[in-house]
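Position 1 is the first residue of the sequence; numbering continues from there. Everything numeric here is computed off the predicted structure, so don't read it as measured data.
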Amino acid sequence: MKKKIALFLAACTTVLSACRNNVKTVQESLTWQERLSVEMVGDALAGEVPSPADRPDENGRTWYQVFVYSFCDSDGDGIGDLNGVTERLDYIAYTGFDGIWLSPIHTSATYHKYDVDDYYSIDPAYGTMEDFEQLVSACRERGIKLILDLVINHTSIDHPWFKNNPEYYNILDAPGNGNWKALPDGRYYECQFWDRMPDLNLESVEVRAELEKVFEFWLNKGVDGFRLDAVGEYISGNTAKNIEVLTWINDAVKGIKPNAYLVGEFWNTTDAVYLYYQSGADSFFAFPFAGADGIIARTLLRDLSAAGYLNRVVSAQNTILENNPNGTAAPFFTNHDMARASGFLRRDGNLIKTAWGMSLMQPGDAFVYYGEELAMSGSGKDENKRVPMLWTADETARGMTAGPPAMDSVSHSFPPAIEQIGDEDSVYSYIRKAVLLRAKYPSIGRGDIKVLELSLSGDAAENAGAVSRTWNGETIFIYYNISSETLNLPSQGQLTDYLSATGSAVIQGDSELLLPGYTIAITK
């Protein structure tokens, strides 16, 4: 063991003393796993990763969504597992993330595991309860919080409740709106997503009592909160009742663990999503800004101006606070149900980087789907959006997964992690820097936001804009150039950091900034 440690530290020292441009050459003699570890630990020793003490305890975290099945395989069966997640925690921490959202891990017959057989178990394909406890402990050591995807709109049809406690489900003599399936006795059960996923009756006192036990079990295991699946279907088509159910969930969870974090999925691209903050739950995913038809993509593809985009960000933030003064935005750009950004942004590295820069500079708790930091590809059926994490081009390498059984062959336009790490021009390095800026400037995630009046004309009026962000007595200014052209913008404060998709530097004058194309700059 001592020999292995000595060799590892020697490798780290080699990397630290090497020029960044020669990292790949220096490490040619190492395996890809060793290269990945050396690169991560090397930068950590150089102080580039925030320590756990520096990570925010309140809103403003940056979460990494891990679809466990496709992330990292620790035992060679082709399926990602909890030990695989633990093995890659240093990668997650190195990238700057201080929170992880795990896709469903409970026993289930499907690869996606959104049909739960048992709320108190770990699916055997993913490991054991001991593996989960080790993951929680390893997250704690790194200052990383962990939330579970909790699916309580429905269960699997194989859940014992469906056989033993049919009163727990929405069962009627005649079908209601949406999807319902006939039972042998002539009645119908609600199954909005699939006939093998019957919907629970979340207005039932008995069901709520059962689910409160589930909340308590996992919170006592060290979970820091939950991602709540399909909250708009709790009582399908009834916003007021959905808000009431969410109020109960929020009160029950916070009664067990006051600082637990809740983020809900209400798939709605209008401002109706913000009404759900009335429940008191912390966050709801910002669907209006996400995906191929969202505000960010439309802005970059020239349907909206930069100022129009920033005004929408401010409006969304104000609406959230009107509905819940303690509410926290949850910006994201893609998730497991959406096409990956690389495809709908034309595999253009500058657009992909800038889109993630825009998303990660928004207020609130930000979320990044695994592999998006590498600009992985995937669209069409769900399996294609959940392909193996691209650690290396070698599909047989340790840690690589086989992916969902029904996925198509997916061709990636950008290199794997092992090639992007250390490459300053890569999508990975850009997104990593954006994530670390969120940790460096808490006002990005937590601060008040106001649009600055820049008095621009011509192309600059369409392609540039700026906001101020103030938190805890500190104000920063964020300037955006979403075009390919260099723009000269009036500015205030001193230039401290910038995100440049092209790698070109920002130049500061007396009271102006010269912003290259596709650049976001921060002054203070």
Side-chain angles (χ1 to χ4, degrees), residues 289 295-318 331 333 345 348-363 366 424-425 427 429-431 433-438 440-471 474-524:
F289 292 89
I295 294 170
I296 290 176
R298 287 167 53 204
T299 301
L300 287 173
L301 297 176
R302 323 314 294 162
D303 286 344
L304 295 172
S305 68
Y309 161 73
L310 293 174
N311 280 318
R312 291 293 296 271
V313 173
V314 172
S315 175
Q317 179 70 355
N318 290 339
F333 193 44
L345 290 181
D348 184 321
N350 291 335
L351 293 179
I352 295 167
K353 292 175 184 177
T354 306
W356 279 107
M358 294 165 69
S359 183
L360 289 166
M361 292 300 106
Q362 286 191 12
E424 292 182 352
D425 296 326
V427 173
S429 292
Y430 179 99
I431 291 179
K433 183 174 182 181
V435 172
L436 292 176
L437 286 178
R438 287 178 56 83
K440 182 177 180 180
Y441 299 101
S443 53
I444 293 176
R446 306 186 198 183
D448 295 334
I449 181 170
K450 295 181 180 179
V451 175
L452 299 181
E453 296 295 333
L454 298 182
S455 300
L456 302 175
S457 60
D459 289 343
E462 285 293 311
N463 299 322
V467 293
S468 65
R469 309 299 304 279
T470 302
W471 182 80
E474 176 186 88
T475 296
I476 64 172
F477 306 95
I478 306 179
Y479 295 84
Y480 298 77
N481 177 4
I482 62 169
S483 74
S484 61
E485 303 298 323
T486 298
L487 297 176
N488 197 343
L489 304 182
S491 66
Q492 51 187 309
Q494 292 298 310
L495 178 67
T496 55
D497 285 287
Y498 60 85
L499 296 166
S500 174
T502 64
S504 299
V506 176
I507 299 174
Q508 182 169 36
D510 291 338
S511 58
E512 60 189 21
L513 289 176
L514 194 65
L515 261 66
Y518 301 116
T519 299
I520 299 172
I522 296 175
T523 67
K524 184 178 177 181

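Using a 4.5 Å heavy-atom threshold, the side chains of Pro363 and Ile444 count as separate.
Of the inter-residue distances, the one linking Ser455 atom OG with Leu489 atom CG reads 11.5 Å to the nearest 0.5 angstrom.
Contact detail for Ile520 and Gly357: the closest heavy-atom pair is CD1-C, 3.6 Å. Among all heavy-atom pairs drawn from Met361 and Leu437, the shortest one is CE-CB, 4.3 Å. The heavy-atom pair separating Pro331 from Ser359 by the smallest distance is CB-O, 3.8 Å. Residues Pro490 and Leu456 share a closest heavy-atom pair of CD-CD2, 3.8 Å.
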Residues 493-505, side-chain donor-acceptor partners within the protein, below 3.5 Å, at least two apart:
unit_1: Thr496; atom_1: OG1; unit_2: Tyr441; atom_2: OH; d: 2.9
unit_1: Thr496; atom_1: OG1; unit_2: Ile522; atom_2: O; d: 3.2
unit_1: Asp497; atom_1: OD2; unit_2: Lys440; atom_2: NZ; d: 2.8
unit_1: Asp497; atom_1: OD2; unit_2: Tyr441; atom_2: OH; d: 2.3
unit_1: Ser500; atom_1: OG; unit_2: Gly503; atom_2: N; d: 3.0
unit_1: Ser500; atom_1: OG; unit_2: Ser504; atom_2: N; d: 3.1
unit_1: Ser500; atom_1: OG; unit_2: Ser504; atom_2: O; d: 2.8
unit_1: Thr502; atom_1: OG1; unit_2: Ser504; atom_2: N; d: 3.3
unit_1: Thr502; atom_1: OG1; unit_2: Ser504; atom_2: OG; d: 3.3

Which donor-acceptor pairs under 3.5 Å do side chains of residues 303-312 form with protein atoms, sequence neighbours excluded?
unit_1: Ser305; atom_1: OG; unit_2: Gly308; atom_2: N; d: 2.9
unit_1: Tyr309; atom_1: OH; unit_2: Met358; atom_2: O; d: 3.1
unit_1: Tyr309; atom_1: OH; unit_2: Gln362; atom_2: NE2; d: 3.0
unit_1: Asn311; atom_1: ND2; unit_2: Ala307; atom_2: O; d: 3.1

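Under the rule for a side-chain contact (heavy atoms from CB on, under 4.5 Å), the partners of Thr475 that lie at least two apart in sequence or sit in another chain are Ser468, Thr470, Phe477. Residues passing the side chain to side chain donor-acceptor pair (under 3.5 Å) test with Ser315, sequence neighbours excluded: none. In terms of the ring pair (Phe, Tyr, Trp, His ring centres under 6.0 Å) criterion, Tyr430 has no residue partners (sequence neighbours excluded). For Ala355, the side-chain contact (heavy atoms from CB on, under 4.5 Å) partners are Ile296, Leu300, Phe333, Leu345, not counting sequence neighbours. For Arg302, the side chain to side chain donor-acceptor pair (under 3.5 Å) partners are Asn463, not counting sequence neighbours.
Here side-chain hydrogen bond (donor to acceptor under 3.5 Å, both in side chains) pairs that include residues 476-489, with residues two or more places apart or in two chains, are Asn481-Ser483. Residue pairs meeting the salt bridge (charged side-chain N to carboxylate O under 4.0 Å, His left out) criterion with at least one partner in residues 453-463, sequence neighbours excluded, do not occur; the list is empty. Among residues at least two apart or in separate chains, side-chain hydrogen bond (donor to acceptor under 3.5 Å, both in side chains) pairs with a member in residues 512-524 are Glu474-Lys524.
Checking side-chain atoms of Arg469 against main-chain N and O of Ile476 turns up no donor-acceptor pair under 3.5 Å.
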